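Below: the structure, in structure tokens.
In this text, all values refer to a predicted model and were calculated from it rather than measured experimentally.
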Amino acid sequence: EQQKIDLERYQALYDQHAISQKEYEAALNGFKMTELSLKSARADLRSAEVNMRDTSVTAPISGFVSARKVNSGESVNPGTPLFSLVDTSRIVVSSGVSEDVVNQLKPGMAVQVTVTSLGAESFEGIVTHISPVQDSAKLYPVKVEVPNPEGRIKVGMFATASVALSEGVEGVAVVKE
């Protein structure tokens, strides 16, 4: 708006031969450049508004936010993780078994899991993975999936897992979920 007022003032001065044509044209060019910058800024604003309107944040799973990775107002690129999500509807109990027990376990076997902090309550899970390779403690890593529809078992709680083996002997492992 100020540029327009200045241009009108320069026009009046030019009409009265108070300034040179070169000075008037410099003011006219300055006004035109300002107009172009304003049009460009408005186009950028419209583009940003469209991008914002078309932006959506979706999660690949249902769950709870466990960590926020960006702050409000921060610029991010498509595909940038914004949050860490945790699905606690099923908990994976990780443990290790010795070599004399590993071949008696099979994926799909029932496992009784007792979570220490929840008292004597047991949860039934199933073996989902048995590693064919020993870890550094000379144990074979085993994963047991336990349904947790009420969300009572929290990630990181300690548990005891037991399974009925083929000889009728129970194998017991104390694990951290």
Side-chain angles (χ1 to χ4, degrees), residues 37 39-177:
S37 294
K39 285 180 183 178
S40 176
R42 285 183 177 147
D44 289 346
L45 176 62
R46 281 191 300 273
S47 176
E49 286 171 340
V50 166
N51 287 341
M52 189 171 82
R53 187 181 63 240
D54 293 345
T55 298
S56 64
V57 176
T58 58
I61 61 169
S62 294
F64 299 96
V65 174
S66 65
R68 184 180 189 172
K69 298 187 177 214
V70 294
N71 294 315
S72 182
E74 223 176 301
S75 290
V76 294
N77 292 321
T80 301
L82 305 177
F83 304 96
S84 289
L85 298 176
V86 197
D87 177 8
T88 58
S89 64
R90 283 178 271 134
I91 299 292
V92 175
V93 177
S94 299
S95 185
V97 297
S98 63
E99 64 184 40
D100 57 328
V101 174
V102 71
N103 286 326
Q104 296 178 53
L105 295 178
K106 303 285 183 243
M109 283 182 89
V111 178
Q112 289 301 311
V113 175
T114 305
V115 179
T116 310
S117 61
L118 296 178
E121 186 175 356
S122 285
F123 300 87
E124 186 165 323
I126 60 164
V127 175
T128 57
H129 177 75
I130 304 164
S131 176
V133 180
Q134 284 183 336
D135 62 15
S136 59
K138 301 287 186 194
L139 296 173
Y140 291 87
V142 175
K143 293 186 186 229
V144 175
E145 191 172 288
V146 181
N148 188 30
E150 295 173 13
R152 295 185 56 222
I153 305 171
K154 306 296 186 230
V155 176
M157 288 182 163
F158 284 93
T160 303
S162 60
V163 62
L165 301 176
S166 60
E167 299 97 43
V169 178
E170 277 201 355
V172 176
V174 176
V175 297
K176 181 177 181 183
E177 294 188 42

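Counting only distance, with no hydrogens or angles, the side chain of Asn148 and the backbone of Arg152 share a donor-acceptor pair below 3.5 Å. Here the side chain of Thr55 pairs a donor or acceptor atom with the backbone of Asn51 at under 3.5 angstrom.
Considering CZ of Arg90 and CD1 of Ile126, their distance stands at 10.0 Å, rounded to 0.5 Å. Interatomic distance, OG1 of Thr88 versus NZ of Lys154, reported as 6.5 Å (0.5 Å rounding). Atom CD1 of residue Ile130 and atom NZ of residue Lys106 lie 7.0 Å apart, to the nearest 0.5 angstrom. Expressed to the nearest 0.5 Å, how far CG of Asn103 lies from CG of Leu165 amounts to 11.5 Å. Between atom OG of residue Ser37 and atom NZ of residue Lys39 there is a gap of 11.5 Å, rounded to the nearest 0.5 Å. Atom CD of residue Gln134 and atom CG of residue Leu139 lie 7.5 Å apart, to the nearest 0.5 angstrom.
The number of heavy-atom neighbours closer than 6.0 Å to CZ of Phe83, taken from other residues, nucleotides and ligands shown, is above 12. With a 6.0 Å radius and a threshold of 12 heavy atoms from other residues, nucleotides or ligands, Glu74 has its CD atom above the threshold.
Heavy-atom minimum distance, Ser72 versus Arg68: N-NH2, 3.6 Å. Across Glu99 and Val102, no two heavy atoms sit closer than the pair O-CG1, 3.6 Å. When all heavy atoms of Val86 and Ser66 are compared, the closest pair comes out as CG2-CB, 3.2 Å. Counting all heavy atoms, side chain and backbone alike, Gln112 lies closest to Ser122 at OE1-CB, 3.6 Å. Across Ser94 and Lys143, no two heavy atoms sit closer than the pair OG-CG, 4.2 Å. Between Met109 and Ala164, the shortest heavy-atom contact is CE-O, 3.7 Å.
Annotation: side chain of Val65 is in contact with side chain of Leu85 (closest heavy-atom distance under 4.5 Å). Side-chain contact between Val163 and Leu105 is present, with at least one heavy-atom pair separated by less than 4.5 Å. For the pair Arg53/Glu49, no side-chain contact is recorded, criterion being any heavy-atom separation below 4.5 Å from C-beta on. Put simply, the side chain of Val111 reaches to within 4.5 Å of the side chain of Val127, judged on heavy atoms.
The side chain to side chain contact (heavy atoms under 4.5 Å, CB included) test with Phe123 singles out one residue from Leu118, Ile91, Val144, Thr114, and that residue is Leu118.
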